[in-house]
Number of protein chains: 2
Amino acid sequence: MDSATTHERLAQFRRMCREHGLVATVQRQAVFETLLEREDHPTVDQVYERLAERVPGISRTTAYRILDTFARLGLVTRICHPGSAARFDPKIGRHHHLFCVSCERIIDIEDDRLDRIQWPDVSACGFEIQGFDVHFHGLCADCRSRQGKKGGGAVRPSKQPKARKSVPRNRSSNLPRRTKP
Amino acid sequence: MDSATTHERLAQFRRMCREHGLVATVQRQAVFETLLEREDHPTVDQVYERLAERVPGISRTTAYRILDTFARLGLVTRICHPGSAARFDPKIGRHHHLFCVSCERIIDIEDDRLDRIQWPDVSACGFEIQGFDVHFHGLCADCRSRQGKKGGGAVRPSKQPKARKSVPRNRSSNLPRRTKP
DNA sequence: CCCTCCGTTGGTACATATTACCATCACGGC
DNA sequence: GCCGTGATGGTAATATGTACCAACGGAGGG
């Protein structure tokens with residue numbers, strides 16, 4: 001359907017690697033493409049799951065490493081959030097976030113007025129501000145209706161159970177690629 | 001020196017427990033006091049280290065548990081940040097944060113203009129906003145000068161090494177309290 | 001002051017998240 | 001095609017956080 005776009009992406013990817021002095025490996029390209037097609041804020045594992053389909057045998061370690069590299073280069077943002085697993089934001093432009101305190105969902109919002117807030121004077125402490133975003137916290141629609149039905153008295157908003165499949169790490173061990181016969 | 005203040009704190013602590021239906025244990029009081037005297041944004045382990053001095057034999061599990069309880073009651077805030085270990089903010093009033101992308105330091109700032117930003121209209125997605133704070137990211141004074149000296153070309157701003165002592169968990173095992181003789 | 005009860009703690013074991021390490025590999029310049 | 005260097009895969013180790021349960025102890029009643 002969009003082989004032209006695919007071509008563009010590939011060119012964009014190679015250009016980017018050139019600029020930053022990175023080797024353009026298939027693994028990095030797969031991460032790049034996986035991020036491009038996401039609208040949410042995936043964890044490393046969520047990215048890895050998709051990667052495993054594109055590049056059979058890819059290692060979880062590699063997913064961590066590439067996401068870290070991309071984050072350091074500013075191609076993706078490591079999101080500020082109170083959960084336990086790191087989450088990444090493929091969207092680069094200025095935008096802000098809603099955090100559901102109950103299910104930990106993160107929702108992007110855009111708002112010109114927020115973009116234009118005046119930066120505080122932090123010269124006193126010597127900090128150099130590079131950017132910002134505004135965090136709103138509260139309840140998402142789902143959690144709101146769920147809580148409404150139960151009477152709403154919950155002092156302890158129960159966290160959604162962790163979703164990671166209980167597969168022993170690096171399940172790709174059954175297709176060994178390294179042992180040269 | 002400030003035994004009057006100490007007295008006040010104790011009263012404040014007991015009142016607080018009463019209000020929330022919590023038992024006023026020495027462990028909870030120690031956490032309460034440890035948080036009061038901190039100006040930074042400690043991890044559980046940093047709180048635990050201080051606790052271990054006040055209450056010999058206290059368990060790391062207890063530190064996690066009490067901080068969680070306090071956070072749920074709003075006595076302390078679980079900070080949104082991009083690092084891996086949860087960090088807590090003893091300061092409750094409205095304020096905002098500077099995040100150093102290099103050393104992960106978190107600095108409080110206060111600014112009336114930021115407090116007054118207008119909340120966006122999120123009725124479309126059904127989200128209920130309860131509060132907000134503004135995240136600025138950049139480089140703290142220390143990291144700025146450190147980077148300046150090196151020529152500033154660092155593509156990979158190196159994270160400070162983790163500081164946790166390599167003591168096997170719950171080192172207090174050598175003073176058993178539970179086995180009643 | 002003692003007793004009893006239920007909320008709390010300590011400690012182990014486990015679950016999850018991330019990193020260190022190193023042998024092996026493959027991208028890209030020649 | 002060949003080589004050197006940077007990247008990957010996999011294991012082991014470290015970090016961080018939670019479940020569980022027996023033992024404890026704060027607080028109210030006797």
Side-chain angles (χ1 to χ4, degrees), chain A residues 14 17-18 20-31 43-48 51-52 55-69 71 78 82-87 158-159 161-181, chain B residues 14 17-18 20-31 43-48 51-52 55-69 71 78 82-87 155-156 158-159 161-181:
Chain A
R14 301 192 81 91
C17 287
R18 193 64 63 99
H20 295 292
L22 298 179
V23 176
T25 64
V26 292
Q27 291 86 347
R28 281 188 180 140
Q29 186 183 331
V31 172
T43 63
V44 177
D45 252 39
Q46 288 168 335
V47 172
Y48 172 73
L51 282 178
V55 185
I58 194 170
S59 156
R60 197 186 300 272
T61 304
T62 300
Y64 274 101
R65 213 162 13 202
I66 294 179
L67 283 169
D68 185 63
T69 303
R78 201 185 289 269
S84 50
R87 293 172 70 169
S158 58
K159 198 185 285 192
K162 314 269 176 170
R164 172 130 149 217
K165 324 280 187 304
S166 265
V167 176
R169 310 295 293 269
N170 295 325
R171 64 283 203 40
S172 54
S173 315
N174 43 353
L175 33 142
R177 292 189 13 174
R178 275 306 138 83
T179 50
K180 178 178 280 187
Chain B
R14 301 193 80 91
C17 288
R18 193 63 65 101
H20 296 291
L22 297 179
V23 176
T25 64
V26 291
Q27 291 87 346
R28 282 188 178 139
Q29 186 183 329
V31 171
T43 63
V44 177
D45 252 38
Q46 288 168 336
V47 173
Y48 173 73
L51 283 177
V55 184
I58 193 170
S59 158
R60 198 184 298 272
T61 303
T62 300
Y64 274 100
R65 210 159 18 199
I66 294 179
L67 283 170
D68 185 64
T69 302
R78 202 185 290 269
S84 49
R87 292 172 69 169
V155 172
R156 302 178 65 111
S158 58
K159 196 186 281 190
K162 312 270 177 172
R164 173 134 148 213
K165 322 282 189 303
S166 265
V167 175
R169 308 293 294 269
N170 295 326
R171 63 282 202 44
S172 55
S173 315
N174 44 351
L175 35 139
R177 290 189 13 181
R178 279 300 135 86
T179 49
K180 178 176 281 187

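In what follows, chains carry the letters A, B, and so on, assigned in the order in which the sequence lines appear, proteins first and then strands, with residues in each chain numbered from 1.
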Residue whose nearest DNA chain D nucleotide is more 5′ - Ala86(B) or Ala63(A): Ala63(A)

I want to confirm an ordering. Mapping Arg87(B) and Gly21(A) to their closest nucleotides on DNA chain D, which one lands closer to the 5' end? Gly21(A)

Grab the NE2-C1' distance between His20(B) and dA27(D) for me, whole Å please. 19 Å

Can you check the Gln29(B) CD to dG26(D) P distance for me, whole Å? 11 Å

Spacing of Tyr64(B) atom OH relative to dA17(C) atom P, expressed in whole Å: 14 Å

Name the closest nucleotide to the Val23(B) side chain, picking from dT16(D), dT19(C), dG26(D). dG26(D)

Ranking dT9(C), dG9(D), dG17(D) by distance to the side chain of Thr25(B), first place goes to dT9(C)

From CD of Gln27(B) over to P of dG26(D), roughly how many Å is that when rounded to an integer? 8 Å

For the side chain of Arg18(A) and the base of dG28(C), is some donor closer than 3.5 Å to an acceptor across the two? no

May I have the distance from Arg60(B) (atom CZ) to dG17(D) (atom P), rounded to whole angstrom? 11 Å

Could you tell me if the side chain of Asp45(A) sits less than 4.5 Å from the side chain of Arg60(A), heavy atoms only? yes

Spacing of Leu22(B) atom CG relative to dA27(D) atom P, expressed in whole Å: 11 Å

Quick check: do Arg78(B) and Leu67(B) have side-chain heavy atoms less than 4.5 Å from each other? no

Applying the side-chain contact (heavy atoms from CB on, under 4.5 Å) test to Val31(B), which of Ile66(B), Thr69(B), Thr62(B), Val55(B) qualifies? Ile66(B)

Any Thr62(B) side-chain N or O less than 4.0 Å from OP1/OP2 of dG10(C): yes

Starting the side chain at C-beta, find the nucleotide from dA17(C), dA27(D), dT8(C) nearest to Ala24(B). dA27(D)

The reported gap from CZ in Arg28(B) to CZ in Arg14(B) (rounded to nearest 0.5 angstrom) is 12.5 Å

Would you name the heavy atoms of Ser59(B) and Tyr48(B) that are closest together and state the gap between them? C-CE1, 3.7 Å

In this structure, how many angstroms lie between the C1' atom of dT8(C) and the CD1 atom of Ile58(B), rounded? 11 Å

Within the structure shown, what part of the strands sits under 4.0 Å from Ile66(B) by heavy-atom distance: base, sugar-phosphate, or nothing? sugar-phosphate

Could you pull out the closest heavy-atom pair between Val23(B) and Cys17(B), with the gap in Å? O-SG, 4.3 Å

dA19(D), dG17(D), dC27(C): which one has an atom nearest the side-chain heavy atoms of Val44(B)? dG17(D)

Just to be sure I understand the rule, does Arg65(B) reach a base, reach only the sugar-phosphate, or reach nothing, if contact means heavy atoms closer than 4.0 Å? base

Indicate, yes or no, whether a donor-acceptor pair under 3.5 Å links the base of dG28(C) to the side chain of Arg14(A). no

Take the C1' atoms of the five end pairs on each side of the helix from dC1(C)-dG30(D) to dC30(C)-dG1(D), get both axes, and report the angle to 10 degrees. 30°

Nearest whole Å is fine: how far is dT8(C) C1' from Asp68(B) CG? 14 Å

